[in-house]
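Heads up: the structure comes next, in structure tokens.
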Amino acid sequence: MKIKLYWQRLLAAIIIICTLSGCTNSPLAWQLLYGQFDNFLYRQFISYADFSDAQKSAIRKEIEVMAAWHRRSELPLYADSIDEFEARILDRGPTADDVNWLFDALYEIGLRLDKNSPLLALTPQMQALSDEQVEQISDAFDKDYAEEIEEWEKQSDKSPAEAGAATLKKFFRRLGLKLNKAQVQTVEQHLAQRQLSREAQQAIWREWSDQLLVILAGRTHADFAQRFSDHHFARIDLVEIQAPQRWRHDDAIYRTMLLDLFQSLDDGQKQAMRKKLQRIKAVVVELADAGPVQLDPLTDG
């Protein structure tokens, strides 16, 4: 349930594959690591409250259903998207339309993940939560926010632009792209123009969580399922709804930043990125072709 920035959530599935590709060359190890994300998601769910054995069983089942869907339906699309990215960005040279394609593709990934989220399938279990469990979820939200603020404070020696550039640098490194000093400085210059601060984002996500708690408090109402679903899908557009001018400004900043970055790549960077992307694609195809193989069972530990 923890809330993340929209673009971070859209990249989550790609980051998973990037992480796997950087760990090992063994297809079996790739399968085992990919299977552990079932466990990770399950532990995230059950960390929010003291769920009964029946509730845990329902959570476990729906996460397994989502994992099977992701392997069967999403991984082949990721492989196709890697080919499209190479053709657009690395082969013929990027234009603004190519960056817009990338943003649209990531948006669609996020939307499909939302539509197949275990949360929606678990609506009956959400409606059956006890008052004590709802209170525990509220406390867990508070803990999430406190931990996020603590992480910010650890980066107090860096400006938001510097911290953001460092994060992007690490992410692109996983994609085989090592940014040079000039490129990092350009990224920082773009990010310094952002208008939507971390504090403002925090306030928006806090409002979203508070709204969810209000819906959970009224879970006995006949329209609970619809309210829960509407709130779930509102998340992906939340910042744009709450801070439209600043969000559109920042969205344009990110698109311009990526266009400038991709256009600045030299042949060596393109080759290194192409090599890593092909390795990632091999991981994706290997996992997709493996089918619904039962990996490590989900555990409560």
Side-chain angles (χ1 to χ4, degrees), residues 1-6 8-13 15-16 34-70 110-152 198 201-221 223-239 242 296-301:
M1 294 182 193
K2 188 173 183 178
I3 313 306
K4 293 188 177 184
L5 286 175
Y6 127 87
Q8 291 175 319
R9 187 175 58 80
L10 298 186
L11 293 172
I15 291 174
I16 289 173
Y34 182 72
Q36 284 304 310
F37 283 98
D38 299 4
N39 276 324
F40 173 78
L41 187 56
Y42 175 69
R43 288 193 294 269
Q44 288 291 305
F45 265 87
I46 66 172
S47 70
Y48 279 86
D50 294 329
F51 293 106
S52 68
D53 289 343
Q55 289 170 323
K56 289 180 180 179
S57 178
I59 293 170
R60 185 192 306 268
K61 176 183 176 182
E62 295 306 331
I63 289 176
E64 289 175 345
V65 168
M66 181 184 183
W69 159 80
H70 193 270
L111 187 59
R112 291 195 302 271
L113 288 173
D114 269 349
K115 289 180 177 179
N116 290 274
S117 169
L119 268 176
L120 293 178
L122 290 167
T123 299
Q125 283 70 34
M126 296 297 102
Q127 192 165 18
L129 291 173
S130 68
D131 291 342
E132 182 180 4
Q133 288 173 323
V134 172
E135 184 64 29
Q136 290 171 344
I137 291 173
S138 177
D139 291 341
F141 283 165
D142 291 338
K143 181 181 178 181
D144 282 344
Y145 290 118
E147 289 176 351
E148 187 170 353
I149 292 173
E150 184 178 349
E151 286 298 314
W152 289 355
R198 291 183 300 188
Q201 293 166 0
Q202 178 88 342
I204 292 172
W205 299 130
R206 186 81 213 204
E207 180 179 345
W208 187 94
S209 299
D210 289 344
Q211 291 172 354
L212 175 59
L213 292 172
V214 170
I215 292 172
L216 290 177
R219 60 194 177 279
T220 59
H221 296 172
D223 63 346
F224 170 78
Q226 187 62 53
R227 294 176 66 201
F228 187 79
S229 175
D230 290 346
H231 186 264
H232 174 79
F233 285 110
R235 175 179 50 171
I236 200 168
D237 295 319
L238 183 61
V239 177
Q242 296 287 11
D296 291 347
L298 293 174
T299 62
D300 296 349

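For the pair P118 and F45, the tightest heavy-atom approach, listed with the atom from each and the gap, is CB-CZ, 4.0 Å. Shown here for L120 and D114, the closest heavy-atom pair between the two residues is CD1-O, 3.5 Å. Across all their heavy atoms, L129 and R219 have their closest contact at O-NE, 2.7 Å. For the residue pair W205 and Y145, the shortest heavy atom distance occurs at O-OH, 2.8 Å. The heavy-atom pair separating V214 from R227 by the smallest distance is CG1-NH2, 4.3 Å.
Note on ring orientation: taking the six-membered ring where Trp is involved, the planes of W208 and H231 are tilted (angle from 30° to 60°).
Annotation: the span from Q136 atom CD to D50 atom CG amounts to 4.0 Å, rounded to 0.5 Å. Here the straight-line distance linking atom CD1 of I59 with atom CZ of F51 works out to 4.5 Å at 0.5 Å rounding. With rounding to the nearest 0.5 angstrom, the CZ atom of F228 is 8.0 Å from the CG atom of L122. Between atom CG of residue D142 and atom CD1 of residue I137 there is a gap of 12.5 Å, rounded to the nearest 0.5 Å. Interatomic distance, K115 NZ to S117 OG, rounded to the nearest 0.5 Å: 13.5 Å. Note that the OG atom of S57 and the CD atom of E62 stand 10.0 Å from one another [nearest 0.5 Å].
Judged by distance alone, with hydrogens and angles left aside, the side-chain atoms of S47 form a donor-acceptor pair with the main-chain N or O of Q44 at under 3.5 Å. The closest donor-acceptor contact from the side chain of Q127 to the backbone of A225 lies at 3.5 Å or more, if one exists at all.
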- Which is it for M126 and I215 under the side-chain contact (heavy atoms from CB on, under 4.5 Å) test, yes or no, and what are the steps along the way? CA-CA 10 Å; M126 296 297 102; I215 292 172; over 6 Å; no

- Query: D210 and F141: side-chain contact (heavy atoms from CB on, under 4.5 Å), yes or no, with the steps?
  - Reply: CA-CA 9 Å; D210 289 344; F141 283 165; over 6 Å; no

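If you check the side chains of Q133 and Q55, you find a donor sitting under 3.5 Å from an acceptor.
In summary, R206 and D144 do not engage in a salt bridge, as defined by a charged side-chain N under 4.0 Å from a carboxylate O.
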